[in-house]
2 protein chains.
Amino acid sequence: MQQAATTAERGKLRCSCGACAPHICSIPAGLDASDLIRLDANVRDKRVLERGKTLFRQGDAFHSLYVVRAGSLKTFAEAADGDVQVLGFHFAGELAGIDALADERHQCTAEALEHTLVCELPYARLQRIARDIPSLQHQFVRIVSSEIVACQAHLVMMGKHQALERLAIFLSSLAERNGRLSRDTESLVLTMSRQDIASYLGLVIETVSRLFARMEQDGILEVDRKSIRIVRPDRLATLCGNAVKPSALRYDSYIA
Amino acid sequence: MQQAATTAERGKLRCSCGACAPHICSIPAGLDASDLIRLDANVRDKRVLERGKTLFRQGDAFHSLYVVRAGSLKTFAEAADGDVQVLGFHFAGELAGIDALADERHQCTAEALEHTLVCELPYARLQRIARDIPSLQHQFVRIVSSEIVACQAHLVMMGKHQALERLAIFLSSLAERNGRLSRDTESLVLTMSRQDIASYLGLVIETVSRLFARMEQDGILEVDRKSIRIVRPDRLATLCGNAVKPSALRYDSYIA
DNA sequence: CGGGATTTTGATATTTTTCAAATATCGTGG
DNA sequence: CCACGATATTTGAAAAATATCAAAATCCCG
């Protein structure tokens, strides 16, 4: 097995946009710096999405995976009758498009919730490189499997928890993810609509609105439109019980 | 790329227990007969499970994937407070254990619902072989990704459909899977308890019991304990709307 | 500043759960 | 083979949670 890249080498790569690709395979995959540079070269480019624009649509042919660099996405499945189910939200550092690997077609639509930057990782190129780097393939399987785990956590939330708990778990998850980006786990900006939150939680919008009001009255949150301050993280955590928080897949979770 | 195995060669392999492994990678992976035989040799062995026995437990170290040969399994996640969420049911030809690839630890428990036979596929051996057969690795990623798609369908069912529709979707899914094994899509034997069904659907047992009664009164089903006859498949389908049925992953779905 | 979209709020209806009890089923030992 | 106890399932009545419908308030954007 090859020597892993030094911390300095990885840090340097991570500063460029191309840092997306190395994340997929760094330490645990045991790659060296030249491998990383090779992957780095295979990030096609950044793409900018305005709010409401789609990155890919349900049914589209699959070509690439995407890493959110800045901004946020929602992914959702749409039934023939137009019914929408929001499946997840994706923030900086998180990955989208993995459910398309199964049959080379996207199973959901990814839409920008705000001005958003993504990096595109053409899958054909990733595969070509992976042929020479067995550990990358293995790493890849682990990443796809993580998405199953995230989806199962979402399922448990829907199956076992009532409305107030679901919202608490959702907000905790956002706070946690936000904390990794900004070091602030007590304030949130909700880039998604109340309708999106409701769909994600399997509720109607009125219920979500009332739950926000209730949490504010109870002194747990301060809610100002899209801005949330978690006044009592302890009580929010209590509402979550010992639930596993569904999240989105992070590249970083594969870096030691 | 190598020549794919002939139909005859594949048929022969499929008759042995070792047919589990070849399924994972046959036609679309472009393997030849010697590859198949090599995989065949790497099915450790059959395991027999009595009703109630576990194949693996949440938290266990991951070693192998399993294919159900006969009988059935349920998989479920258990919270710290003992709350259980059934995540799926697995019948002959279906795969279990995939969610453990992410961090080498099983994320759920798999328990036999009846006298059940499984084949064990030691993952370390699969990996070793895959190193020489790139298409197998790719195939593997597809399989894992399929599990995401199945989980998302389950999520849509929980998020968008009310109780009666959920049960209808569940029964349709079972009938469909049953049909592939027995050619009979109109009668079912439910190997799982009402409690298991309730948990899977995110309901309580009393609700499920009442729904069965209602469907029977409406002339859609004949319910006799664990045996179900679908008297009016058309009306059951109507209740399902155009929902995608969540299922479990089949090896066969990767055979052309 | 105006107007459409989003969100909130209130009143009511519906669905589902909860609690309690009755009934049925299953496995086991006599 | 039957009885018995444990377990699972069904049924009923009432409570709770959530959805629906309607309208008001607020926000956002040009």
Side-chain angles (χ1 to χ4, degrees), chain A residues 50-53 74 83-86 111-115 157-171 188-218 221-228 239 241, chain B residues 50-53 74 76 83-86 111-115 157-171 188-218 221-228 239:
Chain A
E50 292 312 316
R51 181 168 188 270
K53 296 297 177 201
K74 66 174 170 183
D83 251 22
V84 161
Q85 172 68 47
V86 171
E111 181 184 317
L113 294 170
E114 60 189 311
H115 184 89
M157 188 176 77
M158 300 278 252
K160 288 290 150 206
H161 297 285
Q162 56 181 44
L164 187 67
E165 298 172 299
R166 290 188 213 173
L167 183 58
I169 292 167
F170 170 68
L171 291 174
L188 289 174
V189 176
L190 304 175
T191 56
M192 68 294 294
S193 69
R194 296 289 195 267
Q195 179 59 66
D196 290 334
I197 297 172
S199 173
Y200 179 78
L201 299 178
L203 301 169
V204 294
I205 184 175
E206 294 96 325
T207 302
V208 170
S209 180
R210 278 183 250 269
L211 292 174
F212 272 119
R214 189 159 137 207
M215 285 195 183
E216 183 158 36
Q217 287 208 320
D218 289 357
L221 303 178
E222 271 170 24
V223 183
D224 173 21
R225 199 82 196 109
K226 300 278 190 185
S227 299
I228 306 289
L239 286 177
Chain B
E50 293 311 317
R51 180 167 189 270
K53 297 296 176 201
K74 67 173 171 182
F76 60 91
D83 251 21
V84 161
Q85 172 68 47
V86 171
E111 181 184 317
L113 294 169
E114 59 190 312
H115 185 91
M157 188 176 80
M158 301 276 253
K160 288 291 151 202
H161 298 286
Q162 55 181 46
L164 186 67
E165 298 173 298
R166 290 188 213 174
L167 183 59
I169 293 168
F170 170 68
L171 292 175
L188 288 173
V189 176
L190 303 175
T191 56
M192 67 295 292
S193 69
R194 297 288 195 269
Q195 179 59 66
D196 290 335
I197 297 172
S199 172
Y200 179 77
L201 299 177
L203 301 169
V204 296
I205 185 174
E206 293 96 326
T207 302
V208 169
S209 178
R210 280 183 250 267
L211 291 173
F212 272 118
R214 189 159 138 207
M215 285 195 183
E216 184 158 37
Q217 287 209 322
D218 290 356
L221 304 178
E222 271 171 23
V223 182
D224 173 21
R225 197 85 194 107
K226 300 278 192 184
S227 300
I228 307 289
L239 286 177

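Proteins get letters first, then strands, A, B, ... in listed order; numbering begins at 1 in each.
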inquiry  = Would you say NZ of B:K53 has more than 12 non-hydrogen atoms from neighbouring residues, nucleotides or ligands within 6.0 angstrom?
reply    = no
ask   = Rounded to the nearest 0.5 Å, how far does OG1 of A:T191 lie from CD of A:E114?
value = 5.0 Å
Length of the line joining B:L167:CG and D:dT9:P, which is rounded to integer Å = 14 Å
request  = Quick one: list whatever passes side chain to side chain contact (heavy atoms under 4.5 Å, CB included) with A:R51, sequence neighbours left out.
outcome  = none
inquiry  = Need the bend value for the helix from C:dC1-D:dG30 to C:dG30-D:dC1: angle between end axes, 5 pairs each end, nearest 10°.
reply    = 50°
request  = Figure out the CZ/C1' separation between A:R194 and D:dA25, and round it to whole Å.
outcome  = 14 Å
remark   = A:F170 meets the ring pair (Phe, Tyr, Trp, His ring centres under 6.0 Å) criterion, sequence neighbours left out, with A:F89, A:Y200
request  = State, with a plain yes or no, whether a side-chain heavy atom of B:L211 is found less than 4.5 Å away from one of B:R166.
outcome  = no
ask   = Taking protein heavy atoms under 4.0 Å as touching, what does nucleotides 14-22 of chain D look like 5' to 3' if B marks base contact, S marks sugar-phosphate-only contact and - marks none?
value = ----SSBB-
Whole angstrom value for the distance that separates C1' of C:dA5 from CE of A:M192 = 19 Å
key: B:I205 CD1 to C:dA24 C1', straight-line distance once rounded to whole Å   = 13 Å
key: Pairwise distance CG(B:L164) to CZ(B:F212) - rounded to 0.5 angstrom   = 11.0 Å
Partners meeting side chain to side chain donor-acceptor pair (under 3.5 Å) with A:S209 (sequence neighbours left out) = none
query = Got a second to check how far A:E111's CD is from A:M192's CE, nearest 0.5 Å?
reply = 12.0 Å
ask   = When rounded to the nearest 0.5 angstrom, what is the spacing between CZ in A:R194 and CD in A:E206?
value = 13.0 Å
Distances for protein N/O vs nucleotides 26-30 of chain D N/O pairs under 3.5 angstrom?
residue	atom	partner	partner atom	Å
D:dC27	O3'	A:R225	NE	3.0

key: Any B:L167 side-chain heavy atom under 4.5 Å of B:L203 side chain   = no
query = Once you round it to whole Å, what is the distance between C1' of D:dT10 and CE of B:M215?
reply = 17 Å
inquiry  = What is the separation between atom NZ on A:K160 and atom C1' on C:dT17, rounded to the nearest whole Å?
reply    = 12 Å
query = A:D196 versus A:S199: any side-chain heavy-atom pair under 4.5 Å?
reply = no
